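From a predicted model like this one, the values you see are computed outputs, not experimental measurements. Just so it is clear: chains get the letters A, B, ... in the order the sequence lines come, proteins before strands, and each one is counted from 1. Heavy atoms only: backbone and side chains are in, while hydrogens, waters and symmetry mates are out.
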2 protein chains.
Amino acid sequence: MATTDKASPRDRLLDAAAELFYRDGVSIGVEALCRSAGVSKRSMYQLFDSKDEVLAASLERRRPWYEAQLRSPDSETATPRERIGYVFRRVEENAAAPGYCGCPYLAVLVELKDGEHPASVVARAAKELLQGYFEEQAEQGGAADPALLARQLMLIFDGASARAGAHIEHLDDGLVTRTVTTLLDAAGLK
Amino acid sequence: MATTDKASPRDRLLDAAAELFYRDGVSIGVEALCRSAGVSKRSMYQLFDSKDEVLAASLERRRPWYEAQLRSPDSETATPRERIGYVFRRVEENAAAPGYCGCPYLAVLVELKDGEHPASVVARAAKELLQGYFEEQAEQGGAADPALLARQLMLIFDGASARAGAHIEHLDDGLVTRTVTTLLDAAGLK
DNA sequence: CACCCTGTATACCGATCGGTTTCCTCACAG
DNA sequence: CTGTGAGGAAACCGATCGGTATACAGGGTG
């Protein structure tokens, strides 16, 4: 889609994989995946050992981008409260976009019930990273129990992502940010 | 499994479906499903039009049980706050049980990205029912904004279910009930 | 030119998918 | 006893699954 034709087969494959796995689920076939990427199955199996590895690699590839997206741009001047708020404003924005299907990492963890799956490992790491970021900010902001607050924020993050992705909740009225504010206040975050 | 051999093929089928779809996901095959239920494919396709209908019916069948399970036993004397707290204590208990895979309705909604799927309709109804229950209790308890509180509680419910089901969170230390208490307090629930 | 090296296209593999059909057994009604 | 209908066992259907192998086209480099 956004992938140029001059990109390497590997990049085309991973970009197509990220999009298709996200939109259609992990049960999308190798045939359809390769067709969409403009890459032959031969090349795919030359670059990766299995479809599972492609899925894992596509998640891994998106991680830095996903991470950067949640990081407040005015990272230097912002307060911890602002940085946390920024994450959830992004969630509300993303959820409103057409084609939103929730957090891709959580979706993969739910779809692949197997926690040993290579893609599950990547997804779990992404989740832990965000939780670590929350905890860091909570600590910096003087929260009474930074670890607790971080876990609470993850509950909201994943609950909101899952429900918006399943289209049983609309986050366009500040539900998430208001809820987060309540938790931040209760935690004593400056 | 727990199903007796004297149960009707329909009941055996739906019980096996509920268990297998929950544990292994919706991509489980009809062959395995029928084998596990001790029912021939012939009978299955005589009772239902398609595998999708079996899935939907199995969710529908579990709904009254699921619902009753979340309803406080001392329904008459309990306060709204106690009734809401009861739901989340059940979540914490269930999540600790081996083989827990999260809320089956949310899992189905995530796995079947198609919101028009018959099973998605059933799952969505189950979710709306719980949310309605929350809203009812919130109103009865004098919450400032009952609809808002109900939606907040659903965020926690689904976030906790999904994360515990994906085994990236353990709810055995009261994380959920403590978070809920914070929200109930902020909402001014008596 | 020949020689690789990538990469595409495609046929193919055995297994499984959702779904249909045939056959046969067994319980019960007359 | 015979008839009848329910239901299990299993063959079978075309399609698709993940994965492999063969054949061929284009672009460097000697």
Side-chain angles (χ1 to χ4, degrees), chain A residues 1 3-59 108 111-114 116-122, chain B residues 1 3-59 108 111-114 116-122:
Chain A
M1 177 127 301
T3 309
T4 61
D5 289 336
K6 35 186 1 204
S8 76
R10 185 171 195 276
D11 289 350
R12 274 183 287 152
L13 192 54
L14 291 182
D15 284 345
E19 179 180 343
L20 283 186
F21 283 135
Y22 179 59
R23 204 188 49 197
D24 300 329
V26 298
S27 58
I28 181 73
V30 180
E31 206 93 40
L33 171 58
C34 288
R35 196 181 331 119
S36 165
V39 168
S40 68
K41 290 174 71 174
R42 186 184 190 275
S43 298
M44 182 193 129
Y45 281 106
Q46 218 155 273
L47 292 164
F48 300 95
D49 287 343
S50 66
K51 173 193 170 186
D52 292 341
E53 297 293 338
V54 176
L55 171 57
S58 76
L59 292 184
V108 155
E111 291 179 50
L112 311 169
K113 317 264 176 183
D114 176 16
E116 309 295 319
H117 192 290
S120 296
V121 177
V122 176
Chain B
M1 182 124 305
T3 310
T4 60
D5 289 338
K6 37 186 356 204
S8 75
R10 185 170 194 275
D11 289 350
R12 274 182 287 154
L13 191 54
L14 291 181
D15 285 345
E19 179 180 343
L20 283 186
F21 282 135
Y22 179 60
R23 204 188 50 198
D24 300 329
V26 299
S27 59
I28 180 76
V30 247
E31 205 94 41
L33 171 57
C34 288
R35 195 181 329 119
S36 164
V39 167
S40 68
K41 290 172 70 174
R42 185 183 189 276
S43 300
M44 180 192 128
Y45 281 107
Q46 218 156 271
L47 292 164
F48 300 95
D49 287 344
S50 67
K51 173 194 171 185
D52 292 341
E53 297 293 338
V54 176
L55 172 58
S58 75
L59 292 184
V108 156
E111 290 180 49
L112 311 169
K113 316 264 177 183
D114 176 17
E116 309 295 319
H117 192 292
S120 296
V121 177
V122 176

Value in whole Å for how far the P atom of dT16(C) lies from NZ of Lys41(B): 13 Å
Gap between atoms CG and C1', on Leu13(A) and dG19(D) respectively (whole Å): 14 Å
Side-chain donor/acceptor of Ser36(A) to backbone N/O of Ala16(A), under 3.5 Å: no
Any Ser43(B) side-chain nitrogen or oxygen under 4.0 Å from OP1 or OP2 of dG7(D): no
Rounded distance in Å - CD (Gln46(B)) to C1' (dT22(C)): 13 Å
With Ile28(A), the side chain to side chain contact (heavy atoms under 4.5 Å, CB included) member among Val26(A), Asp24(A), Val30(A): Asp24(A)
Sugar-phosphate only, base, or nothing, as touched by Ile28(B) at under 4.0 Å among non-hydrogen atoms: sugar-phosphate
dG19(C) OP1/OP2 closer than 4.0 Å to side-chain N/O of Tyr45(B): yes
Rounded distance in Å - CE (Met44(B)) to C1' (dA10(D)): 16 Å
Shortest side-chain distance from Glu31(A), nucleotide among dC17(C), dG8(D), dC17(D): dC17(D)
dT6(C) phosphate, OP1 or OP2, under 4.0 Å from Arg10(A) side-chain N/O: no
Given DNA chain C, 5'-ward residue of the pair Arg42(B) and Ser50(B), judged by closest heavy atom: Ser50(B)
Touch class at under 4.0 angstrom, heavy-atom based, for Val30(B) against every strand present: base
Atom-pair distance (CG on Leu33(A); P on dG19(D)), nearest Å: 12 Å
Atom-pair distance (CG on Asp11(A); C1' on dG7(C)), nearest Å: 15 Å
Arg35(B) side chain near dA10(D) phosphate (N/O to OP1/OP2, under 4.0 Å): no
Distance test, side-chain N/O of Lys51(A) to OP1/OP2 of dG18(D), below 4.0 Å: yes
Interatomic distance, Leu20(A) CG vs dG18(D) C1' [rounded to whole Å]: 16 Å
